[in-house]
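Remember, predicted model here, so these are calculated numbers, not experimental data.
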Amino acid sequence: MALGRALVRRPQIYLFDEPLSSLDAQLRQELREELARLHRLTRTTSIYVTHDQKEALSLGDKVAVMSAGTLRQVASPEAVYREPHDLFVARFVGEPAINLIQGEIAPDGSFRAPGLRLALNGSRARSGPATLGLRAEAIALAPGTGEVSAVVERIEHLGGDTLVHLKGAWGGLVARLHDAGSAPAPGRTVEVRPDPKRALLFGPDGARL
């Protein structure tokens, strides 16, 4: 009702403060689609406040990520997800959460952690302590052992996607597979192949390197 009353007035700007937070998942999905359709029709500037990243990424042309009153990043949904400015944004946006591995950048430019070495394709980041960030879809798996190996702890089947939870010498990791039939069985040891082109590096202060 409140949304309807606001929409029929045709103001110059709409301010939405978590309008869907009290609804069940199915109804939230339906109303997200309806709000997106109405925005395309009216082309009215809208400011939408939400803690739900799905709402922010699916509805926003620009997404502003804030923490304790501080603006951390303003960018397109794609850029906020793939090119976060700092560790807070990287952690806040994305489901499953981004994989973070503590280690260091070696003098040869590679990232190193216990049981893991990743060439960074000419990264100019200085050597020293760093955190490696890898989205779940930036990790491929292969049967058997390799330079980087891990044990499959459990599998999550999510319909179109499958999440593989792994345990290596560096800690835990989650990989996203689009072919459920290729998921290894729990207890298996697999080779982990991170994509260096999609690797994100953060310094000790959390800033992007």
Side-chain angles (χ1 to χ4, degrees), residues 1-100 131-139 156-165 173-178 180 195 197-209:
M1 292 290 290
L3 281 174
R5 286 196 297 268
L7 292 169
V8 298
R9 294 176 181 176
R10 294 189 174 276
Q12 293 182 340
I13 185 170
Y14 292 116
L15 302 177
F16 297 105
D17 186 5
E18 300 203 51
L20 311 182
S21 59
S22 61
L23 305 178
D24 62 56
Q26 180 63 35
L27 190 52
R28 289 179 75 161
Q29 174 65 32
E30 293 174 2
L31 284 179
R32 275 205 306 267
E33 295 172 2
E34 183 64 15
L35 285 173
R37 186 186 70 83
L38 289 170
H39 179 67
R40 289 194 300 270
L41 289 175
T42 63
R43 305 308 303 170
T44 303
T45 299
S46 300
I47 298 176
Y48 193 104
V49 179
T50 179
H51 288 85
D52 187 327
Q53 59 177 290
K54 289 183 179 178
E55 289 180 10
L57 297 178
S58 62
L59 291 174
D61 298 313
K62 291 285 186 181
V63 175
V65 181
M66 298 188 69
S67 170
T70 300
L71 192 61
R72 309 299 288 257
Q73 185 171 358
V74 180
S76 68
E78 182 76 5
V80 166
Y81 181 77
R82 299 197 180 280
E83 300 293 335
H85 279 185
D86 57 34
L87 264 175
F88 176 85
V89 177
R91 286 191 179 108
F92 188 77
V93 178
E95 188 177 338
I98 189 170
N99 297 293
L100 297 174
T131 300
L132 173 67
L134 291 166
R135 296 291 184 190
E137 61 273 15
I139 301 168
E156 276 189 272
H157 295 290
L158 304 177
D161 291 337
T162 299
L163 301 183
V164 181
H165 295 255
L173 205 65
V174 180
R176 187 195 305 273
L177 305 179
H178 296 297
D195 184 352
K197 294 180 180 178
R198 292 190 279 179
L200 304 172
L201 287 174
F202 304 92
D205 61 353
R208 178 83 178 275
L209 298 178

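Rounding to the nearest 0.5 angstrom, the gap separating the CD atom in E30 from the CG atom in L35 is 12.0 Å. Put simply, CG on D52 and OG on S58 are 8.0 Å apart, with the number rounded to the nearest 0.5 Å. One finds the CG atom of D86 at 7.5 Å from the CD atom of Q73 (value rounded to the nearest 0.5 Å). For the atom pair R135 CZ and D195 CG, the distance stands at 14.0 Å (nearest 0.5 Å). Atom CZ of R37 and atom CD of E33 lie 11.0 Å apart (nearest 0.5 Å).
For the pair A90 and I98, the tightest heavy-atom approach, listed with the atom from each and the gap, is O-CG2, 3.4 Å. Heavy atoms only, all atoms of each residue included: H157 and T162 are closest at ND1-OG1, 3.6 Å. The minimum heavy-atom distance between E156 and H165, with the atom names listed, is OE1-NE2, 2.6 Å. Between P77 and G60, the shortest heavy-atom contact is CG-O, 3.1 Å. The heavy-atom pair separating P96 from R176 by the smallest distance is CD-NH2, 3.1 Å. Here the shortest heavy-atom pairing between R91 and L100 reads NE-CD1, 3.4 Å.
The backbone N or O of L20 lies less than 3.5 Å from no partner atom in the side chain of R32, so there is not a single donor-acceptor pair. Distance alone, capped at 3.5 Å, places no donor-acceptor pair between the S67 side chain and the V65 backbone. Remark: the backbone N or O of L134 is paired with a side-chain donor or acceptor of N99 at under 3.5 angstrom. Counting only distance, with no hydrogens or angles, the side chain of Q53 and the backbone of G94 share a donor-acceptor pair below 3.5 Å.
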Show me, pair by pair, the donor-acceptor contacts under 3.5 angstrom made by side chains of residues 199-209, not counting sequence neighbours?
from: D205; atom 1: OD1; to: A207; atom 2: N; distance (Å): 3.0
from: R208; atom 1: NH1; to: E83; atom 2: OE1; distance (Å): 3.1
from: R208; atom 1: NH1; to: P84; atom 2: O; distance (Å): 3.2
from: R208; atom 1: NH2; to: E83; atom 2: OE1; distance (Å): 2.8

Verify salt bridge (Lys or Arg N to Asp or Glu O under 4.0 Å) between E55 and R28, making sure each step is shown before the conclusion. CA-CA 9 Å; E55 289 180 10; R28 289 179 75 161; 2.8 Å; yes
Checking side chain to side chain contact (heavy atoms under 4.5 Å, CB included) for the pair R198/E137: CA distance, chi angles, key distance, verdict? CA-CA 9 Å; R198 292 190 279 179; E137 61 273 15; 3.8 Å; yes
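Partners of Q12 under the side-chain contact (heavy atoms from CB on, under 4.5 Å) rule, at least two apart in sequence or in another chain, do not exist in this structure. Scanning for ring-ring contact (aromatic ring centres under 6.0 Å, His included) contacts around F88 gives F92, with sequence neighbours left out. In this view, L38 and L7, E34 satisfy the side-chain contact (heavy atoms from CB on, under 4.5 Å) rule, not counting sequence neighbours.
For residues 60-69, no residue pair satisfies the salt bridge (charged side-chain N to carboxylate O under 4.0 Å, His left out) rule, not counting sequence neighbours. Residue pairs meeting the ring pair (Phe, Tyr, Trp, His ring centres under 6.0 Å) criterion with at least one member in residues 21-65, sequence neighbours excluded, are F16-Y48.
Residue V164 forms a side-chain contact (heavy atoms from CB on, under 4.5 Å) with just one option from L173, L177, V174, I139, and that option is L177.
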